[in-house]
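Read through the structure below, which is laid out as structure tokens, and then see the notes.
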Amino acid sequence: MSAERVAVTGATGYLGSLFASAFQNDGHNVVALTRSKPTDQTMTWRRFELGETPDAALFEGVDVLVHSAWDLGNSSASDAWQRNVVGSRRLINAAHVAGVKKVIFISSMSAYTGTTQTYGLMKLAVERTALDLHDVVVRPGLVYGDDAGGMAGTLRKIAGLPVWPRFGHAKLFLAHADDVASALVRITDDYDRFASHVIGLANPERVDLSTILTSVSSDGRTKTSLPVPSTLVMTGLRVVEKARVPLPFRSDSLLGLIKATDVLPGQDVLSAAGITFRGLPR
Amino acid sequence: MDIVIVGSGPSAAAVCLALQDNPDITLTVLDLGGELEADRVASRSGLASSDPTGWDPVQVAHLSTPPKPEAPGAIPRKQIYGSNFPFADMGQLQGVAAKGSANDLVVSGAYGGFSNTWGAQVMPYSTGTFRTWPISRDDLEPHYRAILRHIPFSGEADDLEEAFPLFGTPSHLPTVSERTRRVLSRYEKNRIGARRHGVTAGHARLALRGSDCRLCGLCMTGCPYELIYSASQTFDELRRSGRVRYHSGVRVHRVEETSDGSSIVHATSATGGGAVSFTADRVFLCAGAIGTTRIVAGSLGITDTTITLEESAQFMMPFLSLRPVKHVTQDGEFTLNQFNLFINFDSDGKDASLVHCYPYNDIMMASLPSIATAGPLEAVTKLGLRHVTVGLGYLPSWASPQPTLRLGGRPNEGELPSITVATKDNDATAPMLKNVISRLRRAGRSLDLYPIPGQTKLSGAAKSYHYGGSFPHHASPSDQFSSDLFGRVAGLRNVHLVDASVFPTVPATTFTLTIMANAHRIASALAAGSLS
């Protein structure tokens, strides 16, 4: 595959940086579309802030847009919608107007029909726009690896507690960071096959919370878990959030954990392309 | 190339718009051509020549008599300028009967067809709708855009764009009512709460010259300034420019194809009853789904058969809000649909319902029993109406009762085949309606808009006027009751059905824009020489 110029929004975030490195390692030229200049000097930098009207120059010479930026800041729901959903639509539309040939929207496993998670509902709204424009939508599972961020990072902290929480029958799709990054590069190379599809990037076997905590804990041992009344915890977290007290774990994220999807979309397309995801080491 | 177009409704207008710039094409329109009575035209002109503040109340009353419902709580049949001319029998209703609660006024003989009295909503269909169609929304997009460039278009950018892109640059809507402002402002703050239940809210999108609106409140009984689009406006322009030959008072009953490849359109004069015929290279049937079905049946000799249609069933749903609005009046307001509630059960807008919400207008008061609107109870009723919004909702055809058309025996020459409209129940209707009500009830807090329990009423068969599907498009038509991608049925190769008779399904979302876009697509293919 010849080298392409790949613009990555959120290139300094956890997933964005994974993608940026993977594209660079595959010989592509990466343009970081971020608020501030990345420390990695090997990437070209163009200033971009999600929610702002994209400048036409943003996409000059760009072949591929990978949109992974998302603002999880503590703004009002209305502001968060404007910044993330309306901002993402503007970005995607601007990319098409500028003639960017391949657009990949990084969505989430929380985005499924029937989700009640704020984050999932927002991602789902952007998915619709991307799919109508025949872009590729990917939904990474819970991404784990050596430097896990996001939810996996939080779970690593939870694994350090003396007793683990147990939320009903919560099960999640997992994906190793290296597999997710490599899959995205391959999807970009084989773009037409994936266009207009929603692709779940994860191992197809769902894993329960206790197994996940065991695998991310420093000593690899399973600890005693106690059932936690999720409604009570949710209410507590929401009350604290209303009081604008910063928390390491948001109620919306907890909702994503206890009401996770059991559908992994696009597996037929992934299989046809020979893309697989490793399971958790036993 | 000589083209004959049968009818003057939205699909006929769209065909003409697609072909008008081709100098090699002549356009002849055959129409029954019923028009508003002369005295009402005079009253309308009188009002249109001045500002609402100076209007003569007698003329206003003459033009805005609110229609009465057939039964308490039923949706009254809309009148326009105090007239029922869009529903009048110009000969097109001869031989039409209905069983039970089914509608028998199913074909319009009016110049402009039913677009004289429509709700003027113009949104495209969702992408999901086309999952079961042999064409995609991408195929229709340029035609949606072309139509929206030609007709007046008012609306706003909002969350409904997600499923229903604007496909153009609308003018702003006129100032919306206090209730609409409140609901949409609450939605802006609480959209996640509403969307958790699959409910999206947004402004109405209307075929309306919103920037010229004088807020006289008469939209629902006929805009004196004629700011609401009717297909007759397109034909007025085409006739003024001499681009179409328009024949009024003509009832087409049959098309015959000859061995030399031309078509003969057989008709009778609606006034004298004499036979007339027109020769064409191509014929576009635009008589409305049921009108077109009768002409095709007459042309192909289809008799003693039952044809099942697809209809998006209509329901009336009154809502209650806890916070009242300040006033109950239509004065100083525009009274068309102002906001929509889209209830989505899937990810791409196929399994969905749409409710058009209307602010107060005098038809609401007129629909109530007289005991509630006069005497001591009037004040109480008005107090109650400050909390009320009326929604007109739709279910998709796959969850709606299906109208059936029973075709009678062979008609006499010069007559259309007789039909009896009836209805076939659908087991999916009650569960879906219940689901829609439940979703809206749960989203009620986010909008301060709650469906009033037990008051949602489903209309009878063919009463939504959103029906079609007698000869649905099919990629490879295999029987007599399907059409190819250009609306041609077996046995009629140069005749194109371009109204909703060719729709494979009828979703719950707005209907007419897609009819126009699809007709425009088919006619454009002809103009481009892509039809063999």
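Labels below follow one simple rule: chain letters A, B, ... track the order of the sequence lines, proteins then strands, and each chain is numbered from 1.
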Note: A:R89-B:E162 ion pair, threshold 4.0 Å (strictly below): yes
Part of A:E127 lying under 4.5 Å from any heavy atom of chain B: neither
Distance-minimising heavy-atom pair for B:T127 and A:R128: OG1-NH2, 3.3 Å
Whether over 12 other heavy atoms sit under 6.0 Å from B:R323 CZ: no
Minimal non-hydrogen separation, A:D132 against B:D138, with atom names: O-OD1, 4.4 Å
Side-chain (B:R196) to main-chain (A:T116) donor-acceptor, under 3.5 angstrom: yes
Over all atoms of both residues, closest heavy-atom pair of B:F345 and A:T113: O-CG2, 3.8 Å
Region of B:R191 that comes under 4.5 Å of a non-hydrogen atom in chain A: side chain
A:Q82 versus B:E188, closest heavy-atom pair with distance: NE2-OE2, 3.6 Å
Atom pair CD1 (B:I192) and OG1 (A:T118), whose distance is rounded to the nearest 0.5 Å: 5.0 Å
Region of B:N344 that comes under 4.5 Å of a non-hydrogen atom in chain A: neither
Other residues, nucleotides, ligands: >12 heavy atoms within 6.0 Å of B:R445 CZ: no
